[in-house]
Amino acid sequence: MGCLLLVAMLPYTFFASAQTKVTVKVEDNSYRVIRGKVTDAEGHSLPGVNVRVKGVQGGTVGDIDGNFMLSAPREDVVLIVSYIGMVTQEVTVKGSQKKEIQIHMKEDVNEVSEVVVTGYATLKKESFTGNTITVKKEELQKVSKTNVIAALQAFDPSFRIAENSMWGSDPNALPEVYLRGKSGIGIKELDVDVTSKSSLKNNPNLPTFIMDGFEISVTKLYDMDPSRIESVTILKDAAATAMYGSRAANGVVVITTVTPKPGKLNVAYSLTGEVEMPDLSDYNLMNAREKLETEVAAGVFEDLAKDNPLGAEQQYYAKLASITRGVDTYWLSKPLQTSFNHKHSLSVDGGSDNFRFGIQLSYNNEDGVMKESFRNRVGAGVYLDYRIGSFQLKNMVTYTNTRSQESPYGAFSDYTGCQPYDPCKDDEGNYLENLPNWDGKNEKRPNPLYEATLSNFDKSKYEEIVNNLGINWNITTGLLWKTQFSLTRKITDTKRFLDPLSSKNTTPQTAENPSSGELNTSRGNEFYWDLSSTLSYNRSVEKHHINLLLGVNARSAKTDNISASYRGFPSGALSSPNYAEEIVSKPVSSDNSTRLIGFLGTLNY
């Protein structure tokens, strides 16, 4: 049997067996484990918080629920807690502390503006080399609570909305937006069919819009409830092109939406009212008598008398007789109205740190200043967020229904050419089909107000349902795998009908052509899927910040559209294609499929 000699200067414990096997257990009480949780001022957990011991290299990163675990000496230590957008805190932990500590961080108002959301990652502005503008929810609300696009141009001089005097304040005319200047001709030259003016498909200057990592159309942003937006970041230089490729040729607008907060049940309702009225103060027009006197002073009738003395005299006295009967029509005000627009928004959210939910309902009524023009939107959304350990699963389903109608009163320009001594009604109070032809020619002057009494209509609607699925996995400290998948289905329907009595028909109704009336229909289906997957590593050590990201993005879009034209209806009340005498041309069908795949790698220090 061998002999074993043990010499110990520290408090070791040992055990020796008859087989000379010795087990030594070291009890070193100089270090301990500090456990804690980090939340914001409202008690909501903050994922990925950096925690380290002051004066000691290294540290740790909190998990998705804000929990962290850190090894530290048993003496009193100071923890430095930092998080993007929050005030960096120093927390003293006593050496005798055994319970889990709770750390509440406060928002850094100055730091929030120094964060850049690129759609793929959230970076410190000082480490991002591109030119960006970030606008928070509160700032947007101060400018406009109903129109996101109109509000953005107040924060970035390069984000402009082109004025279009032809469309005016039509609620169904989406603005022509450009971010990096105009690189092509306007959409009016490309899109000659004004019935599709709400799509802006041919606009060569339109920037790319990204919402929560997915590309959306300008129509969706235009119809979006502004209260759902948390922040908007505008990217407009080579840095945007490096991330989004050719899609960033006209700039990128990144939108981040509001997510439910854990804790008690929150119910919020908002009502936004807006009065819209036409401004005709720039039009300083003469009344009927002043207009006739000006024509006399300008020698209009003298010039006519050189070729037709009798005709010039008849024209003058006919106009004078109309004025004497009391005709003094202010045509500019006839198709206009003062409208009250209102927007309602209801949201319910709550849950715990592991499970959160949110329900959103919205209704937006928008009437134009042109009579009977409107754009009404109804929206609903359900958000679910489930977290367990290092995994997070979230899903958002939204439904949008938009119905719009153009004014049956036609274009405002139709009224600017009418004269104040032109009567709009006959002696019985009915609208005249045609205005008086003062020069005696046989050319007809259609009365724009008469068109409004017919059964003309120009209506469109679309329904859209979107499902966004997201999975986050905190693999280890600072290493995050993030995958998002989106499915979108959209159905559009447009109908434009001209009453058989309308003078706007291609073949107006006459004794020789008793059959008239036109109907143009268009129906489209759109289906999109969008996949984005990234692997990112983020680490902060004192003043050093490292952001590494690798990702892939794939997108597919399939659209089909069918349109048809019908002619010959018995009356304006019978506008169904079943009553048409003929199909002008065979229905036109079109299909289009596009696919995109891209790879991304970024490194920021």
Side-chain angles (χ1 to χ4, degrees), residues 165-166 168 277-338 369-373 407-456 498-505 507-514 516-517 571-572:
S165 58
M166 181 174 293
M277 60 184 65
D279 182 11
L280 300 177
S281 58
D282 289 340
Y283 296 91
N284 185 16
L285 304 182
M286 295 176 285
N287 59 32
R289 187 170 296 278
E290 291 172 341
K291 179 63 165 59
L292 182 59
E293 291 174 354
T294 302
E295 291 178 358
V296 173
V300 173
F301 299 102
E302 293 179 1
D303 292 339
L304 293 175
K306 295 178 181 179
D307 299 326
N308 187 2
L310 181 60
E313 185 177 356
Q314 289 177 343
Q315 182 178 154
Y316 170 77
Y317 284 108
K319 292 180 179 179
L320 182 61
S322 179
I323 297 172
T324 304
R325 291 197 306 269
V327 176
D328 188 9
T329 309
Y330 187 50
W331 286 95
L332 299 187
S333 65
K334 292 299 182 181
L336 305 180
Q337 66 178 359
T338 297
V369 294
M370 293 289 290
K371 293 179 179 179
E372 299 183 32
S373 64
S407 173
Y409 284 78
F412 183 70
S413 57
D414 296 338
Y415 298 83
T416 58
C418 299
Q419 302 299 326
Y421 42 68
D422 288 337
C424 59
K425 295 181 179 180
D426 58 21
D427 295 336
E428 297 180 358
N430 300 317
Y431 283 110
L432 296 169
E433 182 176 354
N434 294 290
L435 301 178
N437 203 340
W438 304 110
D439 57 10
K441 297 180 181 179
N442 293 327
E443 296 179 0
K444 291 185 178 181
R445 297 179 61 212
N447 182 2
L449 290 175
Y450 174 76
E451 291 288 334
T453 64
L454 304 179
S455 299
N456 302 336
L498 291 177
D499 191 288
L501 300 178
S502 174
S503 60
K504 296 181 180 181
N505 283 291
T507 56
Q509 193 175 57
T510 60
E512 295 77 16
N513 179 39
S516 188
S571 71

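- In this view, Lys425 and Tyr431 satisfy the side-chain contact (heavy atoms from CB on, under 4.5 Å) rule, not counting sequence neighbours.
- Across all their heavy atoms, Leu332 and Phe412 have their closest contact at O-CE1, 3.4 Å.
- Judged purely by distance below 3.5 Å, without hydrogens or angles, the side chains of Trp331 and Asp414 never pair a donor atom with an acceptor atom.
- Side-chain contact between Pro335 and Ser407: absent, with no pair of heavy atoms (C-beta onward) separated by less than 4.5 Å.
- Side-chain N or O atoms of Ser502 include none that pairs as donor or acceptor with a backbone N or O of Asp499 at under 3.5 Å.
- Lys444 pairs by the side-chain contact (heavy atoms from CB on, under 4.5 Å) definition with Asn434, not counting sequence neighbours.
- Remark: Thr510 OG1 to Asn505 CG distance equals 11.0 Å, nearest 0.5 Å.
- Within the 4.5 Å cutoff, side-chain heavy atoms of Leu280 are placed close to those of Tyr330.
- Taking CZ from Arg445 and CG from Leu432, the interatomic distance works out to 11.0 Å, rounded to the nearest 0.5 Å.
- Applying the 6.0 Å contact sphere to CG of Asn430 captures more than 12 heavy atoms from other residues, nucleotides or ligands.
- The two atoms that bring Gln337 and Glu372 nearest to each other are NE2-N, 4.0 Å, heavy atoms only.
- Shortest non-hydrogen contact noted between Pro446 and Ser503 is CB-OG, 3.6 Å.
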> Please walk me through it: do Ser322 and Trp438 pass side-chain contact (heavy atoms from CB on, under 4.5 Å)?
Replying inline: CA-CA 11 Å; Ser322 179; Trp438 304 110; 4.0 Å; yes
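- When all heavy atoms of Leu435 and Cys418 are compared, the pair lying nearest together is CD1-SG, 3.7 Å.
- For Gly572 against Ser455, the heavy-atom pair with the smallest separation is O-CB, 3.4 Å.
- Side chains of Tyr316 and Val296 form a contact here, defined as non-hydrogen atoms less than 4.5 Å apart.
- Using a cutoff of 4.0 Å between basic side-chain nitrogens and carboxylate oxygens, Glu293 and Arg289 are not scored as salt-bridged.
- Residue Tyr409 holds its OH atom at 11.0 Å from OG of Ser373, rounded to the nearest 0.5 Å.
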>> Assess the residue pair Glu302 and Lys306 against the criterion (salt bridge (Lys or Arg N to Asp or Glu O under 4.0 Å)); give the C-alpha distance rounded to whole Å, side-chain angles, the decisive distance to 0.1 Å, and a yes or no.
In response: CA-CA 7 Å; Glu302 293 179 1; Lys306 295 178 181 179; over 6 Å; no
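- Separating the CG atom in Leu336 from the NZ atom in Lys334 is a distance of 11.0 Å, to the nearest 0.5 Å.
- Between the OG1 atom in Thr329 and the OH atom in Tyr415 there is a gap of 12.5 Å [rounded to 0.5 Å].
- A 4.5 Å side-chain heavy-atom check between Thr338 and Pro278 finds at least one atom pair inside the cut-off.
- Side-chain polar atoms of Glu433 and Asn447 form no donor-acceptor pair below 3.5 angstrom.
- Between Val327 and Asp422, every side-chain heavy-atom pair lies at or beyond the 4.5 Å cut-off.
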> Checking side-chain contact (heavy atoms from CB on, under 4.5 Å) for the pair Phe301/Leu292: CA distance, chi angles, key distance, verdict?
Replying inline: CA-CA 10 Å; Phe301 299 102; Leu292 182 59; 3.8 Å; yes
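- Side-chain contact between Pro508 and Asn513 is absent, with no heavy-atom pair separated by less than 4.5 Å.
- Atom CG of residue Leu501 and atom CD of residue Glu451 lie 9.0 Å apart, to the nearest 0.5 angstrom.
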